[in-house]
Amino acid sequence: MAVYPFLSDDWFAEVRRIVDAREIEMPAHADLTVNLVVTETPFGENRALHIGAHDGHTDWGAGHVDSADLTLTTDYVTARDILVSANPQAGMQAFMEGKVKVQGDLTKLMAAQVTGTGPGEPTLAGALAAITDQTG
């Protein structure tokens, strides 16, 4: 399987393929959309993406959506740790260390993390890890 640099255009295309193929299933009660701003990227500019889960379907993609419940801002390394590591504690630790800034409904994000439907959801994180170049 090919691997791609985290948040590269090719990585986004492969994530879209995985999501569209419905290889990742979310619980029917999942209802959260997060816009993410990733700073300090190796691409020379911030990267914007959105992550959503609604009615058992996942939506990931480049760019932001207007209907997001909240926006998270963090650096590249922290974003990769949270989204790709499958470590459910990574996000909470990063937040406690001030590495993640939150604008919007934090309680909705916390509820999603408790139910396993948040951005670091283990099944999705495993699929992302499989396509992500871990050397950079």
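The basis for the numbers below is simple: all heavy atoms, side chains too, and nothing from hydrogens, waters or symmetry mates.
Proximity of a side-chain donor or acceptor of Arg16 to a complementary backbone N or O of Trp60 within less than 3.5 Å is detected. Between the side chain of Asp69 and the backbone N or O of Thr33, at least one donor-acceptor pair lies under 3.5 Å.
Atom CD of residue Gln93 and atom CD1 of residue Ile82 lie 10.0 Å apart, to the nearest 0.5 angstrom. Going from atom CD of Glu40 over to atom OG1 of Thr74 covers 8.5 Å, rounded to the nearest 0.5 Å. Here the CG-CG distance, from Leu36 to Leu7, works out to 7.5 Å after rounding to the nearest 0.5 Å. Summarising the geometry, atom CD belonging to Gln103 is positioned 9.5 Å from atom CG belonging to Leu72; distances are rounded to the nearest 0.5 Å.
When all heavy atoms of Gly104 and Leu70 are compared, the pair lying nearest together is CA-CB, 3.9 Å. Taking all atoms of both residues into account, the shortest heavy-atom contact from Thr78 to Asp75 is OG1-OD1, 2.7 Å. Annotation for Leu128 and Trp11: closest pair CD2-CZ2, 4.0 Å, computed over non-hydrogen atoms. The minimum heavy-atom distance between Ala48 and His64, with the atom names listed, is CB-NE2, 3.5 Å.
In terms of hydrophobic clustering, with Ile, Leu, Val, Met, Phe, Trp and Tyr side chains grouped at heavy-atom distances under 4.5 Å, Leu32 and Val37 are assigned to different clusters. If you chain together hydrophobic residues whose side chains sit under 4.5 Å apart, Val3 and Val84 never meet in one group.
The shortest distance between side-chain heavy atoms of Leu83 and Ile51 falls below 4.5 Å. Looking at Ser8 and Phe43, their side chains come closer than 4.5 Å, going by heavy atoms from C-beta outward. Asp9 is listed as a side-chain neighbour of Arg47, based on a closest heavy-atom distance under 4.5 Å. Counting heavy atoms from C-beta outward, Val65 and Asn35 have side chains that approach closer than 4.5 Å.
Comment: Arg80 does not engage Asp133 in a salt bridge, judged by the lack of any side-chain N to carboxylate O separation of less than 4.0 angstrom.
Surrounding CZ of Phe6 are more than 12 heavy atoms belonging to other residues, nucleotides or ligands, all under 6.0 Å away.
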